[in-house]
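So that the names make sense, note that chain A is the first sequence line, chain B the second, and so on, each numbered from 1. Atoms considered below: every heavy atom in the structure, side chains included; atoms not considered: hydrogens, waters and symmetry mates. All of these numbers come straight from a predicted model, not from anything done at the bench.
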Amino acid sequence: MNIENFLTAEVETALKALYGGLPEQAVQVQKTRKDFEGDLTVVVFPLLRLSRKGPEQTASDLGDYLSANVAGVKGYNVVKGFLNISFDENFWLSRLNEVIAAPDYGRLPATGKSIMVEYSSPNTNKPLHLGHIRNNLLGYSVAEILKANGHTITKVNLVNDRGIHICKSMLAWKKFGGGETPASSGMKGDHLVGKYYVAFDKAYKAEIKELMASGMSEDEAKKEAPIMKEASQMLRLWEAKDPEVYGMWEMMNGWVYEGFAKTYKAMGVDFDRTYYESQTYLLGKSLVEEGLKRGVFFRKDDGSVWVDLTDDGLDQKLLLRGDGTSVYMTQDLGTAYQRFTEYKLDAHIYVVGNEQNYHFQVLKLILGKLGYDWAEHIYHLSYGMVELPEGKMKSREGTVVDADDLIDEMVGTAREMSQELGKLDGYSEEQVTEICNMVGLGALKYFILKVDPKKTMLFDPKESIDFNGNTAPFIQYTHARICSILRKAEEAGIKPYATVPAMGMVKDETELVKNLVDYPEVVRAAGENYSPALIANYAYELAKEFNGYYHDYSILREENEAVKVMRLTLIAQVARVICSAMALLGISVPERM
RNA sequence: GGUUCCGUAGCUCAGUUGGAUAGAGCAUCAGAUUUCUAAUCUGACGGUCACAGGUUCGAGCCCUGUCGGAAUCACCA
């Protein structure tokens, strides 16, 4: 039961009884701030026009009515225009029992809506880096949050496996590779291919320098460099399905996919379907033809097709080149159409960096102009760059943070820390590895997901490994401690209640219940705002609340057996909700650490 | 120059539809362990919510402008 909605309904009943009607504005009920006495607060300012009385008088009239007529309301106080309502212990016990009884607490009822989430979308010429990590974690988490909101989710990946960039790697490998393979070199496939992408760039730069030394301008040199011409030639051969080039392309992409698969597995992300641009890049042409016929687009003298967006405050955008070949936008129009049709989507979320804000703005506009009303259900989940303390990441300057390296480092640090503290003494090597994986990766995921996606964020490796404060290890540790207490109780033959009987509760206990009761609302809000950060901060608050509670009471030493079991029951639910919330972030929580 | 986004404590970040005296963590300082896990807890210090107007009972949040920063504005993807 959502207590805000419950009280809102009761307040509305009260207003009808007291004043014979409802106010123009909706009744506002919110949580009472910590510094005031009470559980929920009714803001009475908007009710004054209806009551025709002062704020204090209106509030106390309403408070009197609610105390007398609503079960569970214990009392109230009035501060300025705020009516603070307190609920009694049985009210909170009932709420706790509702939490216990809900088999999938925090999972909202099915909506029947079909939503696609596209994320990751890597290029096949280099390994994944820190920016991809933000993308992958966001995509996966948002998909999980939307699932918890009752939607049917399809997670897809669109792999950019064609184009000049992959030809560069292929060419460099052919020229300098000497037949090196992942097997022969022991390198992860994506790293091996990335190595040759860098090798190409090096050779290319050397050629440019040479040409410029012989008197060529920089622009000219960039075009005339032999290795670049060769790469372009390779792309043409690929498009013509030349057997040698095509075979090499399949082989090297295969290496990359093996490497990506490992990284995805380590990150714990997955996809229901993978699209490849080599198979989709021709889509969308028919949409452009149709738009042309209907006068939505226009053709220039050289035969290229454009859309005029000047009325929308933008400029003209190319849709088909003069030679009839398509561009990125053409493909995205086509894939959007295909997906909405095939999956009968109610919404489509693209997790793509903010450097493509303009692209998606244009994409939606064009689809709208073509008359597709689903265009407005496209949502670009745009995220900002990840910067390092030393400045921006630049692949050319070698300041990128490699995804695999970072994951290894985080897990390694988790291991060092736990050894130092003697936390995992007595566990098997297998258990230690499992726990360190959870902790190291959890720290990384949480550090990134707790930040609002659209903000440029600073990634400080040192700080991300911090295990105190608003971090995953802190929350995981809280969970592990609860599990530890429950284990001890079980050993003593104590089982939590299936339904807690009526009894007294102390303030800290009702605070914990309040936090638990909030959870479904947080899930809903996170789903509406595509915001893992809301979940992350909720999990932290809950863990912190428990830590405060735990330190004031020695649960197992409580002499009143019924109270002791009630407390165990309560914290078991805290553990359950922590576990559930963290799962929405893709973070596992260990039972011991 | 156009478009979009960001600007909250020394640092990294929260702030759900406009609500009360602005919230954490890190850092700094002062405390707490008869233990069920101290990878913890309690307290102190720290703010002109970039700036200036406006809307209203009420603005960190909405509107306008200014300043500062980022992304983008390709017959690249």
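Look at A:R567 and you won't find any side-chain N or O under 4.0 angstrom from OP1 or OP2 of B:C36. Here A:K455 reaches the OP1 or OP2 of B:G7: one of its side-chain N or O atoms lies under 4.0 Å away. For the OP1/OP2 pair of B:U21 and a distance below 4.0 Å, the side-chain nitrogens and oxygens of A:K80 include at least one atom meeting the criterion.
The side chain of A:K454 approaches B:C6 more closely than any other nucleotide in the set B:G19, B:C13, B:C6. For A:Q28, the listed nucleotide lying nearest its side chain is B:G19; candidates were B:G19, B:C73, B:A20. In the set B:U37, B:U16, B:A24, B:U37 carries the atom at the smallest distance from any side-chain atom of A:R487.
Residue contacts for A:D332: at a heavy-atom cut-off of 4.0 Å it reaches no nucleic acid atom on any strand shown. As judged by a 4.0 angstrom heavy-atom cut-off over every strand, A:Y358 is placed among residues touching the sugar-phosphate backbone only. The residue A:M457 sits close only to the backbone: its heavy atoms come under 4.0 Å of sugar-phosphate atoms, none of a base. Among the atoms of the strands shown, base atoms are found under 4.0 Å from some heavy atom of A:A480. Residue contacts for A:V43: at a heavy-atom cut-off of 4.0 Å it reaches a base atom on one of the strands shown. Note on A:E277: only backbone sugar-phosphate atoms sit closer than 4.0 angstrom, heavy atoms only; bases stay farther off. Within the nucleic acid shown, A:R592 comes within 4.0 Å of at least one base atom, counting heavy atoms only.
Nucleotide B:U17 holds its P atom 6 Å from the CG atom of A:N529, rounded to whole Å.
By the 5.5 Å and 30° criteria, A:F45 is stacked with the base of B:G19. Stacking here means ring centres nearer than 5.5 Å and ring planes tilted less than 30 degrees, and by that measure A:F82 stacks onto B:A20. A:F36 qualifies as a stacking partner of the B:A20 base, centre to centre under 5.5 Å and near-parallel within 30°.
Judged by distance alone, with hydrogens and angles left aside, A:N547 brings no side-chain donor or acceptor close enough to the base of B:A38 to form a pair under 3.5 Å. For a distance-only test at 3.5 Å, the side chain of A:Y550 fails to qualify as a donor-acceptor partner of the base of B:C41.
Using modelled atom types and a 3.5 Å distance limit, the side chains of A:R162 and A:T124 yield no donor-acceptor pair. Checked by atom type, the side-chain pair A:T478/A:N547 shows a donor-acceptor distance below 3.5 Å.
For the pairing with A:D312, the side chain to side chain contact (heavy atoms under 4.5 Å, CB included) check across A:L309, A:D308, A:D315 returns one residue only, A:L309.
If A:T41 and A:N160 are placed on RNA chain B by their nearest nucleotide, the residue sitting closer to the 5' end is A:T41. Residue whose closest nucleotide on RNA chain B sits further toward the 5' end, between A:F447 and A:R321: A:F447.
The aromatic ring centres of A:F467 and A:F474 sit 6.0 Å or more apart.
Between A:D425 and A:Y427 the shortest side-chain heavy-atom distance does not fall below 4.5 Å.
Sparse packing is recorded around CD of A:E37, with 12 or fewer heavy atoms of other residues, nucleotides or ligands lying under 6.0 Å away. Within 6.0 Å of the CD atom in A:E355, the count of heavy atoms belonging to other residues, nucleotides or ligands exceeds 12. Within 6.0 Å of NZ on A:K222 lie no more than 12 heavy atoms contributed by other residues, nucleotides or ligands.
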Which string of ( ) [ ] | and . matches RNA chain B, if you list each base 5' to 3' and count Watson-Crick or G-U pairs only when both distances are under 3.5 Å? (((((((..((((.....[...)))).(((((.......))))).....(((((..]....))))))))))))....

